2 protein chains.
Amino acid sequence: MSQTHLKIGELAKACGVSDQAVRLYERLGLLKPVAKTSKGYRLYDAASVEALRFIKQAQRSGFTLEEIGALLHTDIRDEGACAAVKALLDRKLYALTERLVELQGVKDVLHGLRQACDGEPGPVCPAFLRLCTPHCAVPDPNGARLLHEVNHED
Amino acid sequence: MSQTHLKIGELAKACGVSDQAVRLYERLGLLKPVAKTSKGYRLYDAASVEALRFIKQAQRSGFTLEEIGALLHTDIRDEGACAAVKALLDRKLYALTERLVELQGVKDVLHGLRQACDGEPGPVCPAFLRLCTPHCAVPDPNGARLLHEVNHED
DNA sequence: CTTGAGCTTGTACCTGGGTATAAGCCTTAA
DNA sequence: TTAAGGCTTATACCCAGGTACAAGCTCAAG
């Protein structure tokens with residue numbers, strides 16, 4: 001009985017998530033413990049670690065938990081379901097490609113701004129701040145639930 | 001008195017956002033109307049359109065509204081604030097670069113999966129589904145507030 | 001055997017970024 | 001002039017994806 005079994009805390013730590021998150025994923029149907037002890041402790045194995053890492057990776061990649069669940073739930077011998085997975089992959093690939101293009105564009109823009117920022121030590125800093133100047137509002141302590149700590153230098 | 005002024009609905013429509021979102025941005029200090037009518041109607045101009053589009057673009061690029069607010073609030077003639085902006089840009093550039101690399105990796109992985117999906121019309125579909133098989137949980141109608149409609153084919 | 005860390009379930013709350021609704025005033029076209 | 005639609009404020013709610021806390025059970029080290 002080699003100790004391949006992990007308890008929830010060990011699994012969580014191994015994957016850099018909280019134990020509560022792991023239980024959440026289970027409730028959402030994403031990751032089931034491989035067993036439970038007689039006292040109800042969840043037990044996981046090395047494949048669970050892989051699976052959880054996959055979940056986090058997929059999540060970072062723009063899949064929602066619901067989509068990940070759909071992927072994980074696909075009945076492998078169901079042609080139609082398999083087709084649905086393919087369709088999902090295609091959609092995600094497309095979205096990912098678009099996003100890559102957009103982010104690359106933004107990166108270029110930011111890079112340009114950053115350069116401009118360095119280039120001119122005059123009174124007016126980056127070009128794009130011209131955009132803001134007539135538009136930025138006061139921090140409005142009234143309804144501003146957010147932005148509370150942004151410029152706390154009064 | 002050329003009609004350069006827009007009312008909130010016109011601005012919103014021009015930028016593909018809701019009027020409520022525009023008011024939200026105002027409360028958060030991101031976008032102030034250039035004027036108000038005697039009856040309290042918000043008025044905007046062409047630069048507001050640019051600004052709002054900038055906000056949306058920055059948002060899509062991974063800036064939070066809070067960060068956008070910080071950018072917009074920077075006092076242009078304050079050296080320190082300007083430095084803060086530079087730092088923010090640097091951080092975002094870095095994050096963006098990392099994210100680009102990660103997404104590209106994911107894209108490659110998905111692409112591979114998609115190929116595998118097509119390649120083998122056997123009983124076992126994409127390789128990565130092996131990950132799931134021992135782990136995917138039942139849809140657990142108990143606590144599952146999400147995933148409610150995922151596989152409604154019982 | 002006790003004590004503290006770790007596990008259980010359950011419920012409540014949080015954050016970001018909104019949307020929905022209400023109650024009422026304004027504007028405009030018919 | 002009146003009715004529709006747009007605007008105002010204010011408050012409530014929604015969603016995803018968690019976190020926090022409570023009350024109680026369990027395990028392991030000293």
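Order of the sequence lines sets the chain letters (A, B, ...), proteins ahead of strands, with each chain counted from 1. In this text, all values refer to a predicted model and were calculated from it rather than measured experimentally.
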*Asks:* Any idea which heavy atoms bring B:A14 and B:R53 closest together, and the distance?
*Replies:*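 The pair with the smallest heavy-atom distance is O-NH2, 2.7 Å.
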*Asks:* Pick one: which of B:L24, B:V22, B:L65 meets side chain to side chain contact (heavy atoms under 4.5 Å, CB included) with B:L30?
*Replies:*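 Exactly one candidate clears the test, B:L65.
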*Asks:* What is the separation between atom CZ on A:F63 and atom C1' on D:dG17, rounded to the nearest whole Å?
*Replies:*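 In whole Å, D:dG17 C1' and A:F63 CZ are 17 Å from each other.
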*Asks:* Using every non-hydrogen atom in the two residues, find where A:I8 and A:D19 come nearest and quote the distance to one decimal.
*Replies:*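 Here A:I8 and A:D19 meet closest at CD1-O, 3.6 Å.
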*Asks:* Check A:L31 against A:L11 and note the closest heavy-atom contact, atom names and distance.
*Replies:*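 Smallest heavy-atom distance, with atoms named: CD2-CD2, 4.1 Å.
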*Asks:* What does A:K13 touch in the nucleic acid at a heavy-atom separation under 4.0 angstrom: a base, only the sugar-phosphate, or nothing?
*Replies:*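 It contacts nothing in the nucleic acid.
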*Asks:* Expressed in angstrom and rounded to an integer, what is the separation of A:I55 atom CD1 from D:dA16 atom P?
*Replies:*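 The answer, rounded to whole Å, is 17 Å.
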*Asks:* Can you tell me if the side-chain N/O atoms of B:R42 get under 4.0 Å from OP1 or OP2 in D:dT8?
*Replies:*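 Result: yes.
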*Asks:* Any side-chain N or O of A:Y25 below 4.0 angstrom from OP1/OP2 of D:dG18?
*Replies:*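 For A:Y25, the contact criterion (side-chain N or O under 4.0 Å from OP1 or OP2 of D:dG18) is met.
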*Asks:* Can you tell me how far P of D:dG6 sits from CG of B:L6, to the nearest Å?
*Replies:*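 Between P of D:dG6 and CG of B:L6: 15 Å.
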*Asks:* Given atom CG of A:D19 and atom P of D:dC21, what is their separation to the nearest angstrom?
*Replies:*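 Result: 14 Å.
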*Asks:* What is the distance from OH of B:Y44 to P of D:dG6, rounded to the nearest Å?
*Replies:*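 The answer, rounded to whole Å, is 16 Å.
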*Asks:* Under the salt bridge (charged side-chain N to carboxylate O under 4.0 Å, His left out) test, which residues partner B:R60, sequence neighbours left out?
*Replies:*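 If we apply the salt bridge (charged side-chain N to carboxylate O under 4.0 Å, His left out) test to B:R60, skipping adjacent residues, the hits are A:E102.
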*Asks:* Please tell me which of B:T64 and A:I8 maps to the more 5' nucleotide of DNA chain C, matching each residue to the nucleotide holding its nearest heavy atom.
*Replies:*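 So the residue in question is A:I8.
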*Asks:* Taking only side-chain N and O atoms of A:Q59, does any of them lie within less than 4.0 angstrom of OP1 or OP2 on D:dA16?
*Replies:*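 Checking D:dA16 against A:Q59, no side-chain N or O comes under 4.0 Å of OP1 or OP2.
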*Asks:* Holding to side chain to side chain donor-acceptor pair (under 3.5 Å), I want the full list of residues that pass it with B:K56, two or more places apart in sequence or in another chain.
*Replies:*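 Expected list: B:Y25, B:Q59.
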*Asks:* What is the separation between atom CD on A:E26 and atom P on C:dC7, rounded to the nearest whole Å?
*Replies:*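 Distance check: A:E26 CD to C:dC7 P gives 14 Å.
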*Asks:* Just so I know, are the side chains of B:K7 and B:E10 near enough to count as touching, which here means a heavy-atom distance under 4.5 Å?
*Replies:*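 In short, these two side chains touch, coming nearer than 4.5 Å.
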*Asks:* Atom CG of B:L11 to atom P of D:dC7: distance rounded to whole Å?
*Replies:*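 For the pair B:L11 CG and D:dC7 P, the rounded distance is 10 Å.
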*Asks:* Take nucleotides 19-28 of chain C nucleotide by nucleotide from the 5' end and write B, S or -, depending on whether a protein heavy atom sits under 4.0 Å from the base, only from the sugar-phosphate, or from neither.
*Replies:* SBB----BS-
*Asks:* Could you state the atom-to-atom distance from CZ of A:R60 to C1' of D:dG17 in whole Å?
*Replies:*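 Checked: the CZ to C1' distance equals 15 Å.
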*Asks:* Contact class for B:R23 vs. all strands (heavy atom < 4.0 Å): base, sugar-phosphate, or nothing?
*Replies:*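 Base, at least one base heavy atom under 4.0 Å.
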